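These notes concern the structure reproduced below.
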Amino acid sequence: MSKKIEGFSKFSKAEKIEWVTQLHFDNPENAKKLISGYSHSNPSIQKLHDEFVENSLTNFYLPLGVAPNFLINGINYTIPMAIEESSVIAAASKSAKFWASRGGFKANVIGTEKIGHVHFLFKGNTEKLNLFFKTKKQSLLESTSSITENMRNRGGGIKRIILLDKTDLMEEYFQLHLTFETVDSMGANFINSCLEQIAKTLQSAALEYDDFNEEEKQIEVVMSILSNYVPGCIVHASVSCPIEQLEETKDLSSQAFAEKFIKAVEVAQKETYRAVTHNKGIMNGIDAVVMATGNDFRAVEAAAHAYASKDGIYSSLSNAYIEDNYFFFEIKLPLALGTVGGLTQLHPLVKWSMELLGNPNSRTLMEVIAVAGLAQNFAAIQSLVTSGIQRGHMKMHLLNILNQKKATEDQKEKAIVYFKTNTVSHSSVSDFLKSNS
Ligand code: MEV
């Protein structure tokens with residue numbers, strides 16, 4: 001049988017599973033069993049999941065855990081995190097607890113603007129195009145009035161529209177650059193609907209514009225789409241404490257720890273290889289909460305990394321310094337999030353996560369998520385400049401190794417006790433299992 005297929009999406013779910021498993025697996029019955037084992041026991045929840053995407057066969061599970069003790073702007077949060085990496089929630093929880101007894105995290109939203117463009121080609125006189133835009137600007141905006149009505153009632157809508165000459169990048173290339181406020185929704189659908197309408201109005205207005213010659217009337221819209229680069233949708237989060245309140249280790253005084261910590265951040269600010277790993281650690285915290293709250297982690301990732309490069313080199317999203325004997329650690333990054341729309345009202349676990357956070361609005365969620373990133377980054381650098389990352393990491397990874405090696409429950413219990421004081425590695429776990437079989 002060929003692995004090429006026409007009309008797959010029209011198959012029933014059972015037919016899809018049959019086709020996929022028969023053609024791609026050595027043991028189709030086992031593959032089928034596995035797939036159905038991950039289907040939800042409640043058919044209406046499964047149906048809901050199936051309706052999120054095309055060709056859904058089953059569910060792909062990730063652990064959903066919580067990191068308690070986050071004190072943010074004086075409020076206590078227990079933060080939901082959906083993530084597979086063993087040490088992330090442990091690190092977040094450790095950081096949260098540490099900073100809760102030192103005044104907690106401060107966070108504030110700096111801006112919430114989103115951006116979208118109509119990218120178009122115009123062959124002709126730029127002065128005439130500028131004049132055309134000036135004359136038609138209001139009608140371009142008004143043509144979206146039925147789309148923007150609800151958003152305007154909620155305090156959002158289109159904030160600005162400008163014409164940008166991009167012919168230095170590409171021949172005949174211009175943009176309508178629009179700035180949006182989408183309040184508590186991420187706003188992708190809203191923005192794209194507005195842009196598509198404006199693009200149509202742009203083209204029809206050009207056709208009827210008497211001052212354009214025949215060529216100028218034919219504006220070619222290349223595409224109309226939001227930008228996931230959102231340097232105007234920014235949140236800042238920070239922690240600080242007197243240096244002497246930082247933990248001492250046997251090798252480092254609190255002053256030496258602060259200085260080494262700052263050096264580690266400076267390396268990430270100046271050196272791309274380190275910056276990428278440093279920011280990856282930040283995104284461990286951010287993505288886990290973005291996922292748990294049903295937000296678009298791809299958009300958040302893309303925006304964060306573009307922002308990290310805004311000064312011409314890819315750099316750290318966080319910063320640390322000492323001032324007046326205080327240690328300061330902060331992060332600033334873009335986060336385009338929604339707390340209404342999308343999956344937020346649909347996915348039962350997203351609803352659950354939102355309630356756990358006290359049903360925040362999008363600004364509060366931006367603050368919570370930026371804090372999760374900062375906390376994660378603090379825990380990583382703290383380990384890196386003291387014990388090294390592997391001690392904590394491997395301890396958290398122990399259960400994965402035990403499961404891989406098919407340890408019994410009894411062996412697992414014993415191993416957890418044994419490896420409290422012994423170094424975890426694949427070979428040390430194998431040795432342990434051999435002597436405890
Ligand atoms: C691992 O997922 C993340 C870290 O590598 C981050 C870092 O190095 O800062 C520990």
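In listed order, ligands and their atoms are each counted from 1. Note that this is a predicted model, so its numbers are computed, not measured. Numbering starts at 1 and runs along the sequence shown.
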Atoms in ligand 1 with a heavy atom of Leu384 nearer than 4.0 Å
7 (C), 8 (O), 9 (O)
Step-by-step side chain to side chain contact (heavy atoms under 4.5 Å, CB included) determination, Thr339 to Met354
CA-CA 8 Å; Thr339 53; Met354 286 296 192; 4.0 Å; yes
Got the closest protein heavy atom to atom 5 (O) of ligand 1, with its distance?
Thr277 CG2, 3.5 Å
Within the 4.0 Å heavy-atom cut-off, what Asn377 brings close to ligand 1 is neither
Sub-4.0 Å atoms of ligand 1 with respect to non-hydrogen atoms of Glu85:
1 (C), 2 (O)
When the ring planes of Phe190 and Phe180 are compared, do they come out parallel, tilted or perpendicular, using 30° and 60° as the limits?
perpendicular
State which residues pass ring pair (Phe, Tyr, Trp, His ring centres under 6.0 Å) with Phe432; sequence neighbours excluded, sorted by chain then number.
Tyr418, Phe419
Do the rings of Phe328 and Tyr321 sit parallel, tilted or perpendicular, given the 30° and 60° boundaries?
parallel
Can you tell me if Gln376 has a non-hydrogen atom under 4.0 Å from ligand 1?
no
Side chains of Ser254 and Gln245: any donor to acceptor distance under 3.5 Å?
no
When distances are taken from atom 3 (C) of ligand 1, the protein heavy atom at minimum range is Asn284 ND2, 3.5 Å
Using the ring-ring contact (aromatic ring centres under 6.0 Å, His included) rule, take Phe11 and Trp19 through it: C-alpha gap first, then chi angles, then the decisive distance, then the call.
CA-CA 9 Å; Phe11 282 11; Trp19 184 86; 7.3 Å; no
Between the candidates Arg274, His278, Gln382, which shows the shortest non-hydrogen contact distance to atom 8 (O) of ligand 1?
Arg274
Please confirm whether Lys280 comes within less than 3.5 Å of ligand 1 when only nitrogen or oxygen atoms on both sides are compared.
yes
